[in-house]
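Read the structure below first, then the notes.
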Protein chains: 2
Amino acid sequence: MGSLPSDPADVSASQTVRAQLRLREMILDGELPAGERISEPVVAELTGISRTPIRSALIRLQEEGLLEPIRSGGFRVRAFSVDEIRDAIEVRGTLEGLAARLAAERGASAANLEALTACVVTIDRLLEQGDPDEARFAAYVEANSRFHEVLAASCESEVVQRQVARGNALPFASPNGFLRVQAAAPDAFQTLSIANAQHRAVVDAITRREGARAEALMREHARIAHRNLQATLANPRVVDLIPGGRLIVHDG
Amino acid sequence: MGSLPSDPADVSASQTVRAQLRLREMILDGELPAGERISEPVVAELTGISRTPIRSALIRLQEEGLLEPIRSGGFRVRAFSVDEIRDAIEVRGTLEGLAARLAAERGASAANLEALTACVVTIDRLLEQGDPDEARFAAYVEANSRFHEVLAASCESEVVQRQVARGNALPFASPNGFLRVQAAAPDAFQTLSIANAQHRAVVDAITRREGARAEALMREHARIAHRNLQATLANPRVVDLIPGGRLIVHDG
DNA sequence: TGTCTTTGCGATGTATACATGTAGCTATTC
DNA sequence: GAATAGCTACATGTATACATCGCAAAGACA
């Protein structure tokens, strides 16, 4: 009842889930700065949610990797070095590569292959339309998201799917993490075209049961994010285009 | 105060940690059978710990993969199909392979390389002594554990290390999961020798900065567990030799 | 003036009380 | 006899009260 009515997607969910969503949002938006201790009473007051559900949410966010425990108790918002982001991207690529390989070796269902193809086609059409406006960009994010989601599901392994989701948990590691800066780059069209060509090639590899090829492609596909990371660092003004950009610590 | 004095490793830790350790133990020992809902008041009574820390522990164990949420609320002990265990082993191999590759490509520290070699030498000496008694087996477990631990640390990446730890979280996926059944097999000496030869080869590959070789070796190394899993299924009497063996559900 | 000590505030960790919702059982009716 | 409806009991989700521990600030003493 105490929760603000402006909160989105907060209806008909438990306080714990609401707290988790809200806190993640606050962290990614920089309302809770990196390195700062999270005070339970303060965020309880801020969100209008009592301490108990806040507590549960904090534990989940720690497991998620967004928070780190403090020795004397409680949590603080984690800061991410460039090296850590690079490694997180590599982890995602490796896990998505595993999913692709297993999908190829074990055979993906016709439904999943169709869904993957549909995503590729959608993205191709969007790219044909030239410079993206906000609506087309949202459609692109949606299709890209769905491609990676269906791919993880294509190996029909809950265990793998779960682990891939964990690999994507860090905001910078997610397939959509750097999408906004990617789309804002001068060579955006080319990069996005290459990315979608990789999508298409992966679907082809899975269809032909070529596991090693599918795996290598997904790994390389993830490494596009490395370039985007570099671009982000070179042009600090775009740091606010990526979720949680403020959490990046710029060390030597 | 209410906790049983017989509890091991329970001194000087928070109630939450105690609860997590104790609950994990109870699940792995079969005290809390797979599929059964975990009743907070019951385990609170059983452990002498109040509901709040129990709650925190349950959330952590869910993130760990040992529990699954129930739609109407609460958690139940997860059952693992043979396929899921197979996939979990594959995930571990993939992540340890990543760690090995990065260690090779980036170069491992002299200290880590020495520590890895020390583990290999220790295991070799233990194998030379013939049939293992309980003490030698414990030493073997210790050395094997340490090898995998140091390997994960050798890429100097907290992110990778963390993800490897997550991959090992499921009891069957851990490097030591099937060690007892492996040591009890008739061809135990040969299998353990092969495993240690793989250890040695990985160290060699990392030293020579041969990333692809190191990765392939760790993947194949993990797959030894597949054979052990088959052996376990063929001889149901050894199911109690592996931690959490009772959680395996035997479907067609 | 600097350092050490002490005091106080506020945080977390823990326990418990309360409300709501669900599942299972029983009784009644068709 | 079976099915349905209602009730009971117990579970979780939530809120809050309490104790302990850490940290910071202020004051006193050398």
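Here is the naming used below: chain letters follow the sequence lines, and residue numbers restart at 1 for every chain. This one's a predicted model, so the numbers in the text were calculated from it and none came from an experiment.
- We find that CD of B/Gln20 is positioned 12 Å from P of C/dT14, with the value rounded to whole Å.
- We find that CD of B/Gln15 is positioned 17 Å from P of D/dA19, with the value rounded to whole Å.
- Using a distance-only test at 3.5 Å, with no hydrogens or angles considered, a donor-acceptor pair links the side chain of A/Arg92 to the main chain of A/Ala173.
- Annotation: proximity of residues 67-78 of chain A to DNA chain C (heavy atom, distance under 4.0 Å) is found for A/Gly73, A/Gly74, numbered in ascending order.
- Defined by atom type and a distance below 3.5 Å, a donor-acceptor pair is missing between the side-chain atoms of A/Ser174 and A/Asn168.
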(request) Apply the test side-chain contact (heavy atoms from CB on, under 4.5 Å) to residues A/Arg180 and A/Ile242: give CA-CA distance (whole Å), side-chain angles for both, the deciding distance (0.1 Å), then the verdict. (result) CA-CA 7 Å; A/Arg180 276 208 112 87; A/Ile242 69 177; 5.6 Å; no

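- In this structure, A/His148 and A/His199 have perpendicular ring planes: the angle between them is above 60°, well past the 30° mark.
- Near DNA chain D, meaning a heavy atom under 4.0 Å from it, residues 53-66 of chain A has A/Pro53 in order of number.
- For the 3.5 Å distance criterion, the side chains of A/Gln62 and A/Arg78 fail to qualify, holding no donor opposite an acceptor.
- Salt-bridge check for B/Glu63 with A/Arg166: passed, with a basic side-chain N closer than 4.0 Å to an acidic carboxylate O.
- Between A/Thr16 and A/Arg37, the one whose closest nucleotide on DNA chain D sits nearer the 5' end is A/Thr16.
- Atom pair A/Arg51:CZ and D/dT16:C1' shows a separation of 9 Å (rounding to whole Å applied).
- When the C1' atom of C/dT16 is taken as reference, atom CD of B/Glu45 falls 14 Å away, rounded to whole Å.
- Among the atoms of the strands shown, base atoms are found under 4.0 Å from some heavy atom of A/Thr52.
- The backbone N or O of A/Ser81 sits less than 3.5 Å from a side-chain atom of A/Glu84, completing a donor-acceptor pair.
- A 6.0 Å sphere centred on CD of B/Glu31 holds more than 12 heavy atoms belonging to other residues, nucleotides or ligands.
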